[in-house]
Every structure is written in structure tokens, then in C-alpha cells.
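One structure is given here, and the rest of the page talks about it.
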Number of protein chains: 2
Amino acid sequence: MKDILFGDELLKTLEALSNPYRIKIIGILKQERQYVSQLARMLSISRPLLYLHLQKLEDAGLIKGQHEISDSGKAMKYYELISFNIPLNEELVAKAADSITIKNRKD
Amino acid sequence: MKDILFGDELLKTLEALSNPYRIKIIGILKQERQYVSQLARMLSISRPLLYLHLQKLEDAGLIKGQHEISDSGKAMKYYELISFNIPLNEELVAKAADSITIKNRKD
DNA sequence: TTCATATGTAATAATTTTATTACATATATA
DNA sequence: TATATATGTAATAAAATTATTACATATGAA
């Protein structure tokens, strides 16, 4: 289960979930783990684009990837969901606000 | 209290909360409503930029604005928080995924 | 009347995010 | 060996988001 969140972590998690493809990725991985190429087909997007989205989800700690060798011997990368449950209310957001960083753009 | 969320609404709400200034705005308005110029000073940002952020929060149904005439007779616009509590977990996100729209970029 | 403060928005610039294209490597199967 | 599938990433383009600048209007107080 994904950890409790501090300010910048909450922001990162919300950003990670703020995209339709990434929402759909969570929906798919909730049912069953998938390997990258298969996931790309299910979403009808290219692998490079998918990697970008997977990276953001993984950076936020919402999914994790692992390499495996398939029965037939091919290298596969599987992604699976990390369970999470965030009570997104004004208390949590206000608490996050206290420790949030407004980062200089461009670095 | 803000309503329960469907797919595109959840996305809109998450997007609205995916910015440090907007997180801070929620934090401030949780304590007490504020008028625009005052809020801009508290955040150390310009009003035009603040308007942009307020608009996104209001579009998501997280805050609401109202005009008032101050005691001294000046036109003021106050914003206040709308309470919300979203159980952000994989069930909710998966449910949202079913009804989410991947919109054509550029319209 | 002048200064300070409030409102609001249009036009533009800067930056980040998203998406595409073009590579390269490896293994299984026909 | 050729074809299909898997991996991964660098370079670039396109689009959206964020931020700035420059306006304009109105009221209260000095």
C-alpha cells in the first residue's frame, strides 16, 4: 500500500493522476498486471508515449515495473498497481499546503 | 459539500489540485474566505495569475466567488472554499476510467 | 484632484507537458 | 534467414499550462 503523503508527494501523486491515459492505466492494472507492449495496444498509443506515462505513475509510487523472462524466453517488462487510498479533503490539502514548494520554473 | 465525481469530473478536480498555488489557495480559504487582492498579496502573485488559478478551482467546483460591497463602499470579490472529501483509491480511479474521455488535443 | 485600492481582461511570452518519429538491440518462430 | 515481437531511448514537434505585461473602470480617503 502506498504511503501517507506529505506536501510535495501529494502534489506529485495528484499530477500523476491528472491525465486520462494514466487514469486508464490504473484502471487496467487494477484488474491485472500487464507488460508494456500489451498495455500500449490496449490503450492504442505508442510505446514511447506509454513509457512517459508509466514513468510518471511509477515516480509517484502508484505502480511498479519488473523485468521477467517469458516462458518462451523473451524479455518482458510487467507493470502492476500499488494499492492506494488517499482521503482527498480540505484538511489533507491544507496540511500539504504548509509544506509545499513553489519551485522556480525552469529547473 | 462538493458532489460525488464521475470520470471527467474526477479528472478536472485532480487537475485543479495539481498546482502548488492552487493547493495553497485551498489552504488559505479553508481558514477563512478572502477577497481577490488580499489573496494575491498573501500568495505574492499578480492578480491576473491568481484569476487563472481561481478560475480553475471554481470550474472544478472547489471554491466559489461572490461579489460584495464593503462597508466603505468598494466592490469586492470574495472566494470561499466548498467542502470536499474524495476517497481517492484504485476503485474510484478505475470507475472513472470507464467513463473518461480522451479528448482530441487542440479543441 | 490626486493617490491608493478595488475590480476585470486581452494579448503575449515562457515553460512544461504531451506526442511523434526515428533509432537500436534481442529472442522466438516460420 | 526473414518476420514478428519484445525491450529501450534520444531528438524533435505540438499543444497545453502557467506567467507577465499592459490596459481599463470604479470608489474612498487625503
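In what follows, every chain begins at residue 1, and chains take the letters A, B, ... in the order their sequences are listed.
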Next item on the list: Would you mind building the protein contact string for nucleotides 20-30 of chain D? One character per nucleotide, 5' to 3', B for base within reach (heavy atoms under 4.0 Å), S for sugar-phosphate only, - for untouched.
Entry: BBB----BS--
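Shown are Ile86(B), Leu88(B), Asp8(B), Asp59(B); of these, the side-chain contact (heavy atoms from CB on, under 4.5 Å) with Thr13(B) is made only by Ile86(B). Just one of Arg33(A), Lys77(A), Glu80(A) meets the side-chain hydrogen bond (donor to acceptor under 3.5 Å, both in side chains) condition when paired with Gln66(A); it is Glu80(A).
One can place NZ of Lys12(A) at 15 Å from P of dT16(C), the figure rounded to the nearest angstrom. In this structure, CD of Gln55(A) is placed 16 Å from P of dA19(C), rounded to the nearest angstrom. At whole-Å resolution of the value, CD1 in Ile69(A) and P in dA6(D) are 14 Å apart. Rounded to an integer number of Å, the gap from Leu11(A) CG to dT18(D) P is 11 Å. The nearest whole Å value for the distance from the CD1 atom in Ile102(A) to the C1' atom in dA19(D) is 13 Å. Computed from coordinates, the Lys77(B) NZ to dT9(C) P distance equals 7 Å when rounded to whole Å. Rounded to a whole Å, the CG atom of Asp71(B) is 16 Å from the C1' atom of dT5(C). Rounded to whole angstrom, the span from the CD atom of Gln66(B) across to the P atom of dT7(C) amounts to 13 Å.
Nearest heavy-atom pair across Tyr79(A) and Leu29(A) is O-CD2, 3.5 Å.
If you check dA19(C), dT7(D), dT18(D) against the side chain of His67(A), the one that comes closest is dT7(D).
A distance of 5.5 Å separates CG in Leu81(B) from CD in Glu90(A), rounded to the nearest 0.5 Å.
More than 12 non-hydrogen atoms from other residues, nucleotides or ligands lie less than 6.0 angstrom from NZ of Lys2(B).
Contacts between residues 14-42 of chain B and DNA chain D, counted as heavy-atom distances below 4.0 Å, involve Asn19(B), Tyr21(B), Arg22(B).
Contact check for Leu92(A) versus Asn89(A): side-chain heavy atoms found under the 4.5 Å cut-off. At a threshold of 4.5 Å between non-hydrogen side-chain atoms, the residues Lys64(B) and Glu58(B) count as touching. You'll find the side chain of Ile25(A) reaches within 4.5 Å of the side chain of Leu50(A), heavy atoms only.
Sorted by first and then second residue, the ring pair (Phe, Tyr, Trp, His ring centres under 6.0 Å) pairs involving residues 14-40 of chain A (not counting sequence neighbours) are Tyr21(A)-His53(A), Tyr35(A)-Tyr78(A).
Between His53(B) and the phosphate of dA19(D), there is a side-chain N or O to OP1/OP2 separation shorter than 4.0 Å.
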